[in-house]
Amino acid sequence: MEITSSKQLSKDRINNYFLKQWGSPEMVISSGIFDCTKLEGFAVLNTEGEIVGYITFIISDTECEIISLDSLEEGKGIGTALVQKVEAVAKAEDYQKVKLITTNDNLHALGFYQKRGYDLTALFKGAVKKAREWKPEIPQTGNEGIPIRDEILLSKRL
């Protein structure tokens, strides 16, 4: 599996990917509002050159935060490879922690990250209501019919 830096992809291509997957390149979470086309990231391309996995992240003083992660072909190790790539970047820069935020309905993400050593570290009750003020297209109900209300912070010490 070949991982490509987002710097090697055109902004239009990244923008189109986020429009298709998320309806917008804008990610609104408790830690801020992010334009994913402007963030550092990595992609996995299939044999036809289509993006089948994508991760974005930011790095602050002491930690790295994953902003988005998508894998369009489940069970092939794409998500794991992308997370490991970001962790390797953070370690190489001597950062101590990687963190991310997901919503309460995203049971798949909660399981995925915990299996890879991430701990549940904080709950932000009602955070999605605030996010909808900036991005009203965030649905009221998510996976498995669960109301989307809260954000959960997961983190991993490196």
Side-chain angles (χ1 to χ4, degrees), residues 6 11-44 46 50-87 89-90 95-158:
S6 60
K11 294 289 184 207
D12 282 343
R13 189 170 182 191
I14 297 168
N15 186 61
N16 290 337
Y17 176 81
F18 278 99
L19 286 173
K20 184 177 179 183
Q21 298 307 312
W22 294 91
S24 165
E26 191 174 74
M27 190 68 60
V28 181
I29 53 179
S30 295
S31 56
I33 301 170
F34 303 94
D35 179 344
C36 290
T37 64
K38 296 179 181 176
L39 298 180
E40 191 168 350
F42 296 102
V44 172
N46 66 14
E50 299 166 329
I51 298 172
V52 294
Y54 201 88
I55 193 167
T56 61
F57 62 98
I58 57 171
I59 294 182
S60 66
D61 294 337
T62 60
E63 59 195 18
C64 171
E65 181 174 2
I66 295 171
I67 302 300
S68 70
L69 172 64
D70 289 299
S71 174
L72 304 183
E73 297 178 1
E74 295 293 318
K76 294 186 176 181
I78 294 169
T80 299
L82 289 169
V83 168
Q84 288 173 342
K85 181 71 172 174
V86 170
E87 290 173 355
V89 168
Y95 290 100
Q96 301 168 7
K97 182 167 80 169
V98 175
K99 68 179 186 176
L100 64 108
I101 291 173
T102 192
T103 52
N104 64 285
D105 72 306
N106 199 341
L107 304 178
H108 181 70
L110 289 167
F112 174 86
Y113 286 109
Q114 288 179 82
K115 288 176 187 175
R116 285 148 188 86
Y118 287 76
D119 297 316
L120 304 175
T121 51
L123 172 68
F124 304 110
K125 288 184 67 74
V128 180
K129 182 177 180 181
K130 282 178 65 175
R132 283 191 190 98
E133 293 173 11
W134 291 98
K135 190 175 179 180
E137 62 266 26
I138 297 171
Q140 295 290 324
T141 305
N143 300 328
E144 306 295 326
I146 299 171
I148 306 173
R149 296 183 294 247
D150 310 315
E151 291 180 344
I152 300 167
L153 177 69
L154 292 100
S155 59
K156 179 179 180 178
R157 288 237 163 257
L158 300 175

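Excluded from the calculations below are hydrogen atoms, water molecules and symmetry mates; all remaining heavy atoms, backbone and side chain alike, are included. This is a predicted model, so every value here is computed, not measured.
One distance of note links CD1 of Ile138 with CE of Met27; it measures 9.0 Å at 0.5 Å rounding. Annotation: the span from Leu72 atom CG to Glu50 atom CD amounts to 9.5 Å, rounded to 0.5 Å. In this structure, CD in Glu40 is found 11.0 Å from CD1 in Ile55, a value given to the nearest 0.5 Å.
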Determine, step by step, whether Phe34 and Ile58 satisfy the side-chain contact (heavy atoms from CB on, under 4.5 Å) criterion, reporting the C-alpha distance in whole Å, the side-chain angles of both residues, the deciding distance to 0.1 Å, and the verdict.
CA-CA 10 Å; Phe34 303 94; Ile58 57 171; 3.6 Å; yes
Would you please test Leu123 and Asp150 for side-chain contact (heavy atoms from CB on, under 4.5 Å) and show each step?
CA-CA 7 Å; Leu123 172 68; Asp150 310 315; 3.8 Å; yes
Could you give me the CA-CA distance, side-chain angles and deciding distance for Ser6 and Ile14, then say whether side-chain contact (heavy atoms from CB on, under 4.5 Å) is met?
CA-CA 8 Å; Ser6 60; Ile14 297 168; 4.1 Å; yes
Under the side-chain contact (heavy atoms from CB on, under 4.5 Å) rule, what do Ile146 and Leu107 come out as? Steps first, then yes or no, please.
CA-CA 10 Å; Ile146 299 171; Leu107 304 178; 3.8 Å; yes
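Shortest non-hydrogen contact noted between Val98 and Ala90 is CG2-CB, 4.1 Å. In plain terms, the two heavy atoms of Ile51 and Ala43 that are nearest each other are CG2-CB, 4.4 Å. Counting all heavy atoms, side chain and backbone alike, Gly53 lies closest to Ile78 at CA-CG2, 3.7 Å.
At most 12 heavy atoms of other shown residues, nucleotides or ligands fall within 6.0 angstrom of atom NZ in Lys76. When the shell of 6.0 Å around CD of Glu74 is examined, it contains more than 12 heavy atoms from other residues, nucleotides or ligands. Enclosure of atom NZ in Lys85 is not indicated, since only 12 or fewer non-hydrogen atoms of other residues, nucleotides or ligands lie within 6.0 angstrom.
No side-chain donor-acceptor contact under 3.5 Å links Asp105 to the backbone of Ile148. Formation of a donor-acceptor pair under 3.5 Å by the Asn106 side chain with backbone atoms of Thr102 is not found in this model.
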Which pairs of donor and acceptor atoms, one on a side chain in residues 151-158, lie under 3.5 Å apart (sequence neighbours left out)?
unit_1 : atom_1 : unit_2 : atom_2 : d
Glu151 : OE1    : Ser30  : N      : 2.9
Glu151 : OE1    : Ser30  : OG     : 2.2
Ser155 : OG     : Thr121 : OG1    : 3.4
Lys156 : NZ     : Glu87  : OE1    : 3.3
Lys156 : NZ     : Glu87  : OE2    : 3.3
Lys156 : NZ     : Arg116 : O      : 3.0

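Screening residues 19-29 for side chain to side chain donor-acceptor pair (under 3.5 Å) gives Trp22-Asp70 as the qualifying pairs, with residues at least two apart or on separate chains.
No side-chain heavy atom of Tyr113 sits under 4.5 Å from any side-chain heavy atom of Asp119. When side chains are defined from C-beta on, Asn15 does not count as touching Lys11, because their heavy atoms never get closer than 4.5 Å. Between Glu65 and Leu39 the shortest side-chain heavy-atom distance does not fall below 4.5 Å. Side-chain contact check for His108 versus Leu110: every heavy-atom pair is 4.5 Å or farther apart. Residues Val83 and Phe112 meet the side-chain proximity criterion, which asks for heavy atoms closer than 4.5 Å. For the pair Phe42/Phe57, a side-chain contact is recorded, criterion being any heavy-atom separation below 4.5 Å from C-beta on. Within the 4.5 Å cutoff, the side chain of Tyr118 has heavy atoms near those of the Ile66 side chain. Within the 4.5 Å cutoff, side-chain heavy atoms of Leu19 are placed close to those of Pro25.
Between Tyr54 and Phe18, the ring planes are perpendicular. Angles over 60° get that label, and only those under 30° would be called parallel.
Across Val128, Thr103, Asn104, a single residue satisfies side chain to side chain contact (heavy atoms under 4.5 Å, CB included) together with Arg149, and that is Asn104.
Annotation: side-chain contact (heavy atoms from CB on, under 4.5 Å) contacts of Glu133 (sequence neighbours excluded): none.
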